Protein chains: 2
Amino acid sequence: MAYQASDYPPFAVTVDLVVLTVRDDALQALVVRRGSAPFEGRWALPGGFVQVEEDVAAAAERELAEETGLQLTDVHLEQLATYGDPRRDPRMRVVSVAHLALAADLPTPVAGSDAADARWRPVDALLGGSRRLAFDHDRILRDGVERARAKLEYTPLAASFCGEPFTVGELRRVYEVVWGQPIDPRNFHRKVTGAPGFLVETGETTTRQGGRPAQLYRVGDATLLVPPLLRG
Amino acid sequence: MAYQASDYPPFAVTVDLVVLTVRDDALQALVVRRGSAPFEGRWALPGGFVQVEEDVAAAAERELAEETGLQLTDVHLEQLATYGDPRRDPRMRVVSVAHLALAADLPTPVAGSDAADARWRPVDALLGGSRRLAFDHDRILRDGVERARAKLEYTPLAASFCGEPFTVGELRRVYEVVWGQPIDPRNFHRKVTGAPGFLVETGETTTRQGGRPAQLYRVGDATLLVPPLLRG
DNA sequence: CCAAAAGTGTTCTTACTACACCCATGG
DNA sequence: CCATGGGTGTAGTAAGAACACTTTTGG
């Protein structure tokens, strides 16, 4: 069917955000408590309406800044998927473009949020417990976590969870937490330092993890990891 | 920002389809000629409006059936990405949820289409030529092709391009065409028959490719290829 | 000195590549 | 008999897993 300029059905379009971080050795997501019906008092993913003259990507960026105070330079932000079930919002027809954001653990807890109550919660608790998120946000969160897990394998995205500069050990802990399994430190070190363009030495070292001083690194310009890091 | 039931900006929501097939040893996409402004006379991806009470996925399925006559049992259909630039349609604010469909070469050329002119065109010609598709459909097509290429590596999706049952040689030709590079037939045979759950023998054979009779296969129930087939 | 984390070397095993070779059909 | 594609065997090589071992700090 061809586009027709007149008489099209009206939709509301929103963005929802799956904001992930690694905190206290757990993968955590940002959730906000809803202050009004429907799902009043329940936890939900942060999000909001796309403005009339606003790009969808820009809306995601704006909402992220509003909820976390984070700029695009500090986080990785990408489109996740779009959720368009007619009954996903009981009030009206809403199509939501979900986005995935990966951030380093924030020194300050969720600054600049305009939601009454916003906090980090471990994804295992959010997805495993009996308490469900509002709307179809369980499904969106699940999809976001799955995407993040998959992308660690073949992209340098894990570094988005680390504050720069970081050590190889800190980076390894990110993989272990996100994948939920231990990784051999020796082999990990070799693979990750050997992947061209992944890590750039700063020349500095640190002993903040204890033990022998570790090299500090920043992320390189590689966009794809070759060979990929594989989950056992 | 929390959802508010009143005073939300109105959008039109459409689905656009990147329908791919392998035909005449080339990766081809389905395009329709636009009969009205804007972009009148230009080629575009098939698509149309999502109806008020219709799921976005159902809309994609419906449009696919309208344009090609194909049912969901015959093709692979998945959401690709959403395109939401405020200026992507000069008439109004349209957010489009693009979908990717992979189909076997059709015996009949595009049956049941309600577009005046619909046809298969090699993606190389569509993306390489100076003639651009309508709207942002060049970008959408490019994203769809890239997704398809990537997914062949680690999913059994290549079989969606083959009519069942198929031979290993036919399957290999799909990979060669989509990736644009020759593959060693011997090693390919071993890898693909060795991947658990990918191929199921029918017990039948055929000589339709000439030479020694080849086993005929159907797709198995594997959803992930281990180990993945890699592009050189 | 000891614990802890960083980093290197080595061995074993597995997977991929390249290519020799045989098989079963049609013409 | 020969051309054509189907299918198997095998040797060489690259990559990953497991783990012994050395290094450098803090306490």
Side-chain angles (χ1 to χ4, degrees), chain A residues 22 25 152-154 158-159 162 165-177 179 181-218 222 224-232, chain B residues 22 25 152-154 158-159 162 165-177 179 181-218 222 224-232:
Chain A
V22 171
D25 282 328
L152 288 208
E153 296 201 13
Y154 58 95
C162 298
F166 52 85
T167 70
V168 173
E170 289 161 355
L171 186 65
R172 176 170 48 83
R173 236 146 276 145
V174 167
Y175 279 91
E176 291 179 329
V177 162
W179 287 347
Q181 63 182 245
I183 296 173
D184 185 294
R186 289 83 54 106
N187 292 334
F188 180 83
H189 187 279
R190 223 190 324 257
K191 277 206 273 196
V192 92
T193 53
F198 190 0
L199 299 184
V200 182
E201 283 194 27
T202 63
E204 309 279 303
T205 60
T206 183
T207 59
R208 63 187 177 215
Q209 302 295 318
R212 168 176 168 180
Q215 265 294 331
L216 283 167
Y217 294 89
R218 300 187 181 277
L224 223 63
L225 247 44
V226 285
L229 272 55
L230 297 175
R231 284 179 270 192
Chain B
V22 171
D25 282 329
L152 288 207
E153 296 200 13
Y154 57 95
C162 297
F166 52 85
T167 70
V168 172
E170 289 162 355
L171 186 64
R172 175 170 49 84
R173 236 146 276 146
V174 167
Y175 279 91
E176 291 179 329
V177 163
W179 287 346
Q181 62 182 244
I183 297 173
D184 185 297
R186 289 84 54 107
N187 293 335
F188 180 83
H189 187 278
R190 223 191 324 257
K191 278 206 272 195
V192 92
T193 53
F198 189 1
L199 298 183
V200 182
E201 284 194 28
T202 63
E204 310 277 304
T205 61
T206 182
T207 59
R208 64 188 176 212
Q209 303 294 321
R212 168 175 167 181
Q215 266 294 332
L216 284 168
Y217 295 88
R218 299 187 182 280
L224 223 63
L225 248 44
V226 284
L229 272 57
L230 297 174
R231 284 178 270 192

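Throughout, protein chains are lettered first and strands after them, A, B, ... in sequence-line order, and every chain is numbered starting at 1. The structure displayed is predicted, hence computed values, not measured ones.
Between A/R186 atom CZ and C/dT11 atom C1' there is a gap of 13 Å when expressed in whole angstrom units. A/E170 has its CD atom 12 Å from the P atom of C/dA5, to the nearest Å. Atom pair A/R208:CZ and C/dA6:P shows a separation of 11 Å (rounding to whole Å applied). In this structure, A/D184 atom CG and C/dA6 atom P are separated by 12 Å, rounded to whole Å. Going from atom CD1 of A/I183 over to atom P of C/dA6 covers 13 Å, rounded to whole Å.
Considering all non-hydrogen atoms of both residues, A/T202 and A/R218 come closest at CG2-CG, 3.7 Å. Among all heavy-atom pairs drawn from B/L230 and B/E153, the shortest one is CD2-OE1, 3.5 Å. The two residues A/Y175 and A/A158 come nearest to each other via the heavy atoms CE1-CB, 3.4 Å. A/L225 and A/L152 get closest at one heavy-atom pair: CD2-O, 4.3 Å. In terms of heavy-atom proximity, A/F198 sits nearest to A/A222 at N-CB, 4.0 Å.
Within residues 188-200 of chain B, the residues having any heavy atom closer than 4.0 Å to DNA chain C are, in order of number, B/R190, B/K191.
Both A/G211 and A/N187 sit near DNA chain D, but only A/N187 has its closest nucleotide nearer the 5' end.
Bounding nucleotides for the chain A contact on DNA chain D, 5' to 3', at a heavy-atom distance below 4.0 Å, are D/dG16 to D/dT25.
A search for side chain to side chain donor-acceptor pair (under 3.5 Å) contacts involving B/Q209 returns B/E170, B/R173, not counting sequence neighbours.
The aromatic ring centres of A/Y217 and A/F166 sit 6.0 Å or more apart.
Between the base of C/dA24 and the side chain of B/R212 there is no donor-acceptor pair shorter than 3.5 Å.
Side-chain atoms of A/E176 never come within 3.5 Å of backbone atoms of A/Q181 as a donor-acceptor pair (strictly under, hydrogens ignored).
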